[in-house]
Protein chains: 2
Amino acid sequence: MKKYFDVLRKCKLFDGIEDGDLNKMLTCLGAKVEHFDKKYTVFSEGSPAKHIGIVLSGSVQVIQIDYYGNRNILMEAEPSDMVAEAFACAETEALPVAVVANEPCEVMFINCGHILHTCSNNCGFHQQMIFNLMKNLAVKTIEFHKKLEITSKRSTREKLLAYLSMYAKKTGKKRFRIPFDRQELADYLEVDRSGLSAEISKMKKEEIIDCNKNLFVLM
Amino acid sequence: MKKYFDVLRKCKLFDGIEDGDLNKMLTCLGAKVEHFDKKYTVFSEGSPAKHIGIVLSGSVQVIQIDYYGNRNILMEAEPSDMVAEAFACAETEALPVAVVANEPCEVMFINCGHILHTCSNNCGFHQQMIFNLMKNLAVKTIEFHKKLEITSKRSTREKLLAYLSMYAKKTGKKRFRIPFDRQELADYLEVDRSGLSAEISKMKKEEIIDCNKNLFVLM
DNA sequence: CGCCTTTCGTTGAAAATTCAACATAATATT
DNA sequence: AATATTATGTTGAATTTTCAACGAAAGGCG
């Protein structure tokens, strides 16, 4: 597990945990690592929500698919990010979302019950980890607020601008690469792909934005 | 504070806390109660996010208002529900949402810092409350997933059906009263009010639903 | 290098949503 | 009880979005 330590140290779940204790904890928690190729399913919709996933390399997407196959991208998770932790923490029966590999990736699985309910060794990390989970869930709730703020806009243009502005604010730059291709961006914004492409073209002509593939510039 | 105990016992923040301890805790936490008339502001957007609100009576709405005055209703909170706790727990600087009284109501305010950081009396409730907050935030994250699932639908009809189905599932009934008037429902679903009214009429004619004011029947 | 697959931009037609305006019903106020 | 205010339903026009279809560009792979 040593080779994952650099990533794990950045994971909010392990805030305030000493390096020396990390290895012991991972054993205690029964952590397991799996590799997934692009497009493979990390968690499938409807499966039991017992495990937290921690992205170690690559990236994954949390998605919902409705009746008619419309995909809604809820979030993208990168190395050190957690996925499915809300469902595991709430001890939900079945996952209402799916998690898929966005590129080849490695994910660590931890049985959430082992965190929430004190283990037989009675090791003292549980309180710290519960605190960390609480903090993390608070931040995640706020991120959902932001997504709702973006998708509640009524037009494609407003949604795109809200998304790009948020991204610019987050990175502190006017020029940035977004983690989505066109179809994925459309699914995230909940609009039609071709309509989005058309709108981007218009906004380029109006010199509101510039864009080349997934590199965007706000002007 | 005694008169609020029935409500407070149902509040998830106090799960696992003995009745006898509750009063002592509220003092330790510096809890305060305020009354608000309908439409008055409980938390204003941009204000510091230090306090958790617990609805004691009546109801409040968590809303966002954009540039052009479009209101987005994020959630409705009823007695024993918490509001703004995600922002307080994340120790956000300023609230990105507003909370307004939906009807005359009473709200209890608790400084979240007093929960997260052990008090001078070093009383033992903090761990339990942090655990409770974590659980509550997990559930709230899931509720946002549900709202996203509803509003990500592309048409007014699909949004309405998704909302009503969810409500029917939650209450276990086909016949129920929703907590919104037409304009509020439109704002929650993120659609135009008149378009929503028209769609409801159509669906009545098609005998998919029946509806009288805010009483809906799924058929 | 050439083939195959996927992504992307464009277009026009069909469908849906928004918007403004108005009439009516319901509720609150004096 | 009369009046004012608010909520709701209806309509048609303007605007947008969606949908399907296509060609060009880009990227992956043998």
Side-chain angles (χ1 to χ4, degrees), chain A residues 37-39 61 66-73 100-104 150-163 177-206 208-216, chain B residues 37-39 61 66-73 100-104 150-163 177-206 208-216:
Chain A
D37 280 325
K38 182 170 180 170
K39 296 200 176 176
Q61 290 179 341
D66 73 10
Y67 261 2
Y68 296 104
N70 281 321
R71 170 181 64 171
N72 179 14
I73 300 180
V100 298
N102 194 32
E103 51 187 310
I150 291 169
T151 58
S152 73
K153 301 271 185 276
R154 296 297 211 277
S155 69
T156 301
R157 174 175 296 210
E158 276 191 304
K159 287 183 187 186
L160 179 60
L161 276 176
Y163 173 71
R177 221 166 264 288
I178 66 171
F180 296 131
D181 64 28
R182 286 289 178 280
Q183 183 64 61
E184 289 172 332
L185 181 57
D187 289 342
Y188 183 85
L189 299 180
E190 300 167 6
V191 297
D192 179 70
R193 179 197 63 78
S194 69
L196 174 61
S197 273
E199 192 63 39
I200 289 174
S201 296
K202 258 210 236 171
M203 291 167 77
K204 271 172 151 178
K205 277 197 196 106
E206 296 178 32
I208 299 173
I209 62 170
D210 195 16
C211 141
N212 203 300
K213 299 199 184 183
N214 63 344
L215 175 69
F216 280 80
Chain B
D37 280 325
K38 182 169 179 171
K39 296 202 175 172
Q61 290 179 342
D66 73 9
Y67 260 4
Y68 297 104
N70 281 321
R71 171 181 65 171
N72 179 14
I73 299 181
V100 298
N102 195 31
E103 51 186 311
I150 291 169
T151 58
S152 72
K153 302 271 184 277
R154 296 297 211 277
S155 68
T156 300
R157 173 174 297 212
E158 276 191 304
K159 287 183 186 184
L160 179 59
L161 276 176
Y163 173 71
R177 221 166 263 289
I178 66 172
F180 296 131
D181 63 27
R182 287 289 178 279
Q183 182 64 62
E184 289 171 333
L185 181 56
D187 289 342
Y188 183 84
L189 299 179
E190 299 168 5
V191 297
D192 180 68
R193 180 197 61 79
S194 69
L196 173 61
S197 273
E199 193 64 38
I200 289 175
S201 296
K202 258 209 240 172
M203 291 167 79
K204 271 170 152 182
K205 279 198 195 103
E206 295 177 34
I208 299 174
I209 61 171
D210 194 16
C211 137
N212 200 300
K213 297 200 187 181
N214 64 343
L215 175 68
F216 280 79

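Lettering follows sequence order; numbering is per chain, from 1. Just so it is clear, the model here is predicted, and its values are computed rather than measured.
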Any A:Arg182 side-chain nitrogen or oxygen under 4.0 Å from OP1 or OP2 of C:dG9 = yes

Look at B:Glu103 together with B:Lys38 and state whether they make a salt bridge at an N to O cut-off of under 4.0 Å.
-> no

Phosphate OP1/OP2 of C:dT17: any B:Thr156 side-chain N/O under 4.0 Å = yes

Toward the 5' end of DNA chain D, which comes first, B:Ala198 or B:Lys38, by nearest nucleotide?
-> B:Lys38

Give the rounded distance in Å between these two atoms: CZ of A:Arg154 and P of C:dA16.
-> 18 Å

Rounded to the Å, how far apart are B:Leu189 CG and C:dA16 P?
-> 17 Å

Between C:dT10, D:dT10, D:dC19, which one does the side chain of A:Ser197 approach most closely?
-> C:dT10

Are B:Lys202 and C:dA16 close enough that a side-chain N or O sits under 4.0 Å from OP1 or OP2?
-> no

Could you tell me the separation between the CZ atom of B:Arg157 and the C1' atom of C:dA15, rounded to a whole number of Å?
-> 13 Å

Report the distance from atom CG of B:Asp192 to atom P of C:dA20, rounded to the nearest whole Å.
-> 10 Å

Atom CG of B:Leu215 and atom C1' of D:dT8: how far apart are they, to the nearest Å?
-> 16 Å

When you check the phosphate oxygens OP1 and OP2 of D:dT10, does a side-chain N or O of B:Ser201 lie under 4.0 Å from one of them?
-> yes

What's the closest nucleotide to the B:Ser194 side chain, out of C:dT18, C:dT17, C:dC19?
-> C:dC19

Has the side chain of A:Glu184 got a donor or acceptor atom that lies under 3.5 Å from a matching backbone atom of A:Asp181?
-> yes

5'-most by nearest nucleotide on DNA chain D - A:Asn70 or B:Glu184 = B:Glu184

So do A:Asp66 and B:Lys153 actually touch side chain to side chain, heavy atoms under 4.5 Å?
-> yes

Send over the distance from A:Leu196 CG to C:dT7 C1', rounded to a whole Å.
-> 13 Å

Rounding to a whole Å, what distance do you find between A:Ile200:CD1 and C:dC8:P?
-> 9 Å

Side-chain donor/acceptor of A:Arg177 to backbone N/O of A:Phe216, under 3.5 Å | no

Grab the two heavy atoms, one from B:Asp187 and one from B:Asn72, that are nearest each other, plus how far apart they are.
-> O-OD1, 3.5 Å

Under-4.0 Å side-chain N/O to phosphate OP1/OP2 contact, B:Arg193 with D:dT8 | no

Rounded to the nearest Å, what distance is computed from the NZ atom of residue A:Lys159 to the P atom of nucleotide D:dT18?
-> 7 Å

Proximity to the side chain of A:Asp181 - top-ranked nucleotide from C:dT7, C:dA26, D:dT8 | C:dT7

